[in-house]
Asker: 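Handing you this structure, nothing more for now.
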Amino acid sequence: MTQYSMMARCRGLYGTHLYLPCSAFSRSWRRHSNRLRGKQSRRLQETKLPTISWRSCVRTVAPCVWEHRKANGNVRISELAILAALAAGCRDASSIFEIGTFDGRTTLNLALNAPPACQIFTLDLPPEQATRFHLAQGERHMVEKPVPGTRYHRYRQSHPQLISRIHQILGDSASFDYTPYAATCSLVFVDGSHAYDYAISDTRAALTLIESGGIIVWHDYGIWEGVTRALEELQQRENLDIRHIRGTSLAILQ
């Protein structure tokens, strides 16, 4: 293992074994404090989904984490490590589908941790394209960027074979034709628009994408109201058995 890979492994362990319990305690305390003061936080909502430990979701507890520095709109390092661990457990030669590329930090980590024959498809909204539904207030900056996936593009020369497994797709997730990818994905990561209509639409798409035994993961549950409401309504109406990964803003359907 190279020194760079060892550092990536250490960051994965840090994310799950140190950062995660500390951030879980912080979130729990802030929610408790808000309840005592009768205060409602727009970015820290009360949640209703049953919780599950991250350890019960993954096969490996020591994933590699690359590009660990977080930008506004990225998952936390603890969440990135969990997603990397889930990718490591994917069936080889299956597909991984990501709805919402942004800067490609998660895309890169999915590719680096997935089995060598896995293909990663990542869908992002071009800034000039009209949307089927309204975007949520405050998320336009994640769309208005020169190109999606700048983080994984940095590795195109140093890791050409790995980056060749990443397939960038451009389009509106609510009107995109997912037919060619139906029932081929061992992992689907939903991190597109946080608006309620998009959260519903993207979830419907994800359910068509996963193969038997596949996994869907959502980001920003308990953080963005549209995502929280959509998942809890779907859970109640359709009994999907979605779980909230404790201490994170990830929700999972296994």
Side-chain angles (χ1 to χ4, degrees), residues 16 20 23-24 27-28 30-32 34-35 40-59 73 75-76 78-83 85-87 89-90 96-100 106 110 123 132-139 173-176 178 181-254:
T16 52
L20 178 57
S23 64
R27 286 182 189 220
S28 177
R30 281 182 289 153
R31 282 196 172 97
H32 178 66
N34 287 342
R35 283 191 220 106
Q40 290 186 342
S41 173
R42 184 165 169 257
R43 287 287 183 264
L44 195 65
Q45 300 136 25
E46 294 292 336
T47 56
K48 299 177 182 177
L49 293 180
T51 61
I52 189 172
S53 165
W54 72 274
R55 289 178 180 272
S56 65
C57 303
V58 302
R59 297 178 184 175
V75 299
R76 297 181 177 212
S78 53
E79 298 166 338
L80 189 60
I82 293 169
L83 288 163
L86 288 168
C90 285
I96 295 174
F97 204 106
E98 176 186 42
I99 299 177
T106 302
L110 293 174
L123 174 65
R132 182 175 178 182
F133 304 120
H134 290 297
L135 300 179
Q137 184 179 3
E139 65 178 5
S173 65
S175 54
F176 182 74
Y178 295 94
Y181 314 95
T184 65
C185 302
S186 54
L187 175 63
V188 179
F189 181 45
V190 181
D191 193 19
S193 171
H194 307 93
Y196 170 82
D197 289 331
Y198 269 105
I200 293 287
S201 176
D202 291 347
T203 298
R204 299 285 187 208
L207 290 168
T208 69
L209 289 169
I210 54 168
E211 63 184 16
S212 177
I215 296 172
I216 303 174
V217 182
W218 295 263
H219 184 222
D220 285 316
Y221 173 70
I223 303 296
W224 286 81
E225 187 273 339
V227 177
T228 305
R229 181 160 62 97
L231 293 184
E232 290 179 351
E233 285 184 7
L234 286 169
Q235 173 87 329
Q236 186 175 25
R237 287 202 310 259
E238 303 184 21
N239 195 27
L240 292 177
D241 197 27
I242 305 170
R243 303 298 179 102
H244 178 202
I245 301 180
R246 198 175 303 119
T248 76
S249 68
L250 300 178
I252 188 169
L253 175 63
Q254 291 179 297

Asker: Working to the nearest 0.5 angstrom, can you tell me the gap between Tyr181 OH and Thr208 OG1?
Answerer: 12.0 Å

Asker: As a quick check of understanding, evaluate side-chain contact (heavy atoms from CB on, under 4.5 Å) for Arg229 and Ile200, giving each step before the final call.
Answerer: CA-CA 9 Å; Arg229 181 160 62 97; Ile200 293 287; over 6 Å; no

Asker: If the test is side-chain contact (heavy atoms from CB on, under 4.5 Å), which one of Leu209, Val217, Ile210 qualifies with Leu187?
Answerer: Val217

Asker: Can you tell me if Arg237 has over 12 outside heavy atoms packed within less than 6.0 Å of its CZ?
Answerer: yes

Asker: Got a second to check how far His219's NE2 is from Leu250's CG, nearest 0.5 Å?
Answerer: 6.0 Å

Asker: Under the 3.5 angstrom rule, does the side chain of Thr47 hit a backbone N or O of Leu49 as a donor-acceptor pair?
Answerer: no

Asker: Roughly how far apart are Glu98 CD and Asp191 CG, rounded to 0.5 Å?
Answerer: 7.0 Å

Asker: Considering non-hydrogen atoms only, spot the tightest contact between Ser186 and Glu211 and give its length.
Answerer: CB-OE2, 3.5 Å

Asker: Just so I know, are the side chains of Leu83 and Phe189 near enough to count as touching, which here means a heavy-atom distance under 4.5 Å?
Answerer: yes

Asker: What distance separates Trp54 CH2 from Thr248 OG1, expressed to the nearest 0.5 Å?
Answerer: 11.5 Å

Asker: Specify the closest pair of heavy atoms between Ser201 and Ala174, including all atoms of both residues, with the distance to one decimal.
Answerer: OG-CA, 3.6 Å

Asker: Assign the ring pair Phe176 / Phe97 to parallel, tilted or perpendicular, where the plane angle (0 to 90°) is split at 30° and 60°.
Answerer: tilted

Asker: Do Tyr198 and Leu135 touch side chain to side chain, with heavy atoms closer than 4.5 Å?
Answerer: yes

Asker: Are Leu80 and Thr106 packed together at the side-chain level, in the sense that at least one heavy-atom pair is separated by less than 4.5 angstrom?
Answerer: yes

Asker: Side-chain contact, heavy-atom cut-off 4.5 Å: Arg243 with Thr51?
Answerer: no

Asker: If you take all heavy atoms of Ala87 and Ile96, which pair is closest and at what distance?
Answerer: CB-CD1, 4.2 Å

Asker: For residues Leu86 and Ile252, determine if any side-chain heavy atom of one lies less than 4.5 Å from a side-chain heavy atom of the other.
Answerer: yes

Asker: Examine the side chains of Glu225 and Tyr196 and answer whether a donor and an acceptor come within less than 3.5 Å of each other.
Answerer: no

Asker: So, the side chain of Glu79 versus the backbone of Ser249: is there a donor-acceptor pair under 3.5 Å, distance only?
Answerer: yes

Asker: Where do Leu20 and Ile82 land on the side-chain contact (heavy atoms from CB on, under 4.5 Å) test, with the steps shown first?
Answerer: CA-CA 10 Å; Leu20 178 57; Ile82 293 169; 4.3 Å; yes

Asker: Please report the closest heavy-atom contact between Ala206 and Val190, naming both atoms and the distance.
Answerer: CB-CG2, 3.9 Å

Asker: Any donor-acceptor pair under 3.5 Å linking the side chain of Arg59 with the backbone of Gly89?
Answerer: yes

Asker: Should the pair His194 and Trp224 be assigned to parallel (<30°), tilted (30 to 60°) or perpendicular (>60°) ring geometry?
Answerer: parallel

Asker: Taking the side chain as every heavy atom from C-beta outward, state whether Ile216 and Ile242 have any pair of such atoms under 4.5 Å apart.
Answerer: no

Asker: To the nearest 0.5 Å, what is the distance between NZ (Lys48) and CD (Glu233)?
Answerer: 9.0 Å

Asker: Is a side-chain donor or acceptor of Gln235 paired with a backbone partner of Asp241 at a separation under 3.5 angstrom?
Answerer: yes

Asker: Do Phe133 and Ser193 have side chains that get closer than 4.5 Å, going by heavy atoms?
Answerer: no

Asker: Just by modelled atom types, is the Ser173 backbone N or O under 3.5 Å from a matching donor or acceptor in the Tyr178 side chain?
Answerer: yes

Asker: With distance as the sole test, does Gln45 use its side chain to make a donor-acceptor pair with the main-chain N or O of Ile223 at under 3.5 Å?
Answerer: yes

Asker: Could you check if a side-chain atom of Glu46 sits within less than 4.5 angstrom of a side-chain atom of Thr228, using non-hydrogen atoms only?
Answerer: no

Asker: Could you measure the distance from the CG atom of Leu207 to the CG atom of Leu234? Nearest 0.5 Å is fine.
Answerer: 8.0 Å

